[in-house]
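See structure below.
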Amino acid sequence: MNQKNHGRGAEDLRHWCGLTLPPLLTLGIVVAGWQMLVDLLGLQPYILPGPAHVSEAIATNLDSLIRAVSLTAQAAIAGFLLSFVAGFFIAVLFSQSAWVERSLYPYAIFLQTVPIVAVAPLIVMWIGHGLGGIIAVSFIISLFPIIANTTAGLTSISPPLDDLFALHDASRWQRLWKLQVPHAVPDMLTGARISCGLSVIGAIVGEFFTGYGTTDFGLGYLIIQTNAMTKTPYLFACVLFSTGLGLLFFGVVSTLNRLILRRWAAAR
Amino acid sequence: MERDLAATIEARGVGLTFDAGLEALQEIDLSIDAGSFVSIVGPSGCGKSTFLRLVSGLSHVSTGELTINQLPPIEARQQQRQLSFVLQDATLLGWRRVWNNVALPLELRGVAEADIKTRVEESLQRVGLNQMANLFPHQLSGGMRMRVSIARALITDPGLLLMDEPFGALDEIGRHRLNDELLGLWCDRRWTCLFVTHSVQEAAFLSQRVVVMSAQPGRIRAVHEVDFPYPRPRSLRTDPEFGRLVARISEDLEG
């Protein structure tokens, strides 16, 4: 048993290295190439800063960056969780009646196609400046993938399983909780993986238009500020931190995904 | 004691025409006594599975009359709750362990936890799966999955068991073994069993009566009584008398 676990651990490590080494190698090549390009062409840092300038900007502004990332992360997590919960309930509603789905689904697609940058200032105006408005923008942009994927999972039950529940005269409620919802779990998680990245983008877009008070600002605000003041190395640092936040978020949700899906893996 | 629990099936002039105008079943007359084991064989598309769906109340007859214990199928199912159906596919819920899959029918009926526990253990014991209780369906072989499906069907102590080609996907050895086990269980409890298969040998080995159907539209072509006493030994499969019966049924099937 022990040996088996040991073997499993080594295999996991190899699997992990196989997953992480290639992208790290790409990163190394890109960073080196980038620095070489900047040096060769003698570009000014405000046009294209090299990795060295960006690192310097990160070092000098580390405190503000960390503060901004944590604020943005808070808003994104709140927006994501809200969209997950709301998206789930909307999908359940859709799955219970074809009429409800047909009447409302086209409008749910609005959420996906609306130019969020254009409506974000309106949302901030309606909901109010500060955290609430930013969460609302993040929520709206991350809602649709949850609705779409969860609805698909809830309604794609195979006919024999439908028969099984019909033969036991299961109530609508039993069918929902014992068949449709567990069946939809993998799809909900797929939706979550898409949404978690979007929620970070949503939070940053929201922050373009409002801060968290007079002294606290998220990454979005920093991006606008540094752009306006042509502090390009600092802007690059903000973009890197935004991307990092998105990646981290995606990684956490993907890991959860994998842990939960072990059970569902071969189920479908 | 189990006797009075078993169900009778009466079909008189049963026909079924699908919405598209396709006539799936025509003039089916069949009377099945309580506690008997009847198999239906026929080419694919002869409506044998469709007939099971009618008996289960999943679909409804277009013409004629079909009753289970003198009640329309759906009423019999809902009021007497003695119907179990083993579908072609094991239809296990992939996210539930074996134990919880077997418990499902009782869960849906709102049976108390403690009661469920003893009955699941009993049912798993009966099909020899108590060691597998904590596995997930994808960890089981096809034969094991079908056993779980049977354990789930038997947990409600049914009076009528419908089986739709349950062992069709298994290899011959696996099918023989499950046939033997099924007969053992049936001899023990004597529920009424209506078994659909495409294997004449399987039908003859299991049942007291084999109904042969023909296709387009689905009709009863012949009925064969199978007089071998129960319990039926494995050696029956190689018995010349049995072989002749199988040959006669096959002739009807092809003719």
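The chains referred to below are lettered A, B, ... by the order of the sequence lines, with proteins before strands, and numbering in each begins at 1. All heavy atoms count here, side chains included; hydrogens, waters and symmetry mates do not.
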Item to complete: State whether the number of non-hydrogen atoms from other residues, nucleotides or ligands found under 6.0 Å of A:Phe89 atom CZ is greater than 12.
Response: no

Discussion item. For B:Arg96, I'd like to know if atom CZ has over 12 heavy atoms of other residues, nucleotides or ligands within 6.0 Å.
Written reply: yes

Worksheet entry | Atom pair CH2/CD1 of B:Trp95 and A:Ile260 - distance to nearest 0.5 Å | 15.0 Å

Response to the item:
In terms of heavy-atom pairs under 4.5 Å with chain A, the winner among B:Arg77, B:Arg152, B:Gln139, B:Arg53 is B:Arg77

Worksheet entry | Interface residues of residues 54-65 of chain B facing chain A - heavy atom cut-off under 4.5 Å | B:Ser56, B:Leu58

Worksheet item: Considering heavy atoms only, which positions within residues 157-172 of chain A lie below 4.5 Å of chain B?
Response: A:Pro160, A:Leu161, A:Asp163, A:Leu164, A:Phe165, A:Ala166, A:Leu167, A:His168, A:Asp169, A:Ala170

Discussion item. If I measure from the heavy atoms of chain A, does B:Glu107 come under 4.5 Å with its side chain, its backbone, both, or neither?
Written reply: both

Worksheet item: Would one find more than 12 heavy atoms of other residues, nucleotides or ligands at under 6.0 Å from atom CZ of B:Arg109?
Response: yes

Discussion item. Taking side chain to side chain contact (heavy atoms under 4.5 Å, CB included) as the definition, give me every residue that meets it alongside A:Ile140, ordered by chain and number, with sequence neighbours left out.
Written reply: A:Leu111, A:Ile116, A:Ile123

Item to complete: Step through the shown structure and confirm whether more than 12 heavy atoms of other residues, nucleotides or ligands are within 6.0 Å of CG on A:Leu24.
Response: yes

Worksheet item: Should the heavy atoms of other residues, nucleotides or ligands under 6.0 Å from CD of B:Gln216 be counted, would the total exceed 12?
Response: no

Response to the item:
Among residues 98-106 of chain B, residues within the sub-4.5 Å heavy-atom range of chain A, in order of number, are B:Leu104, B:Pro105

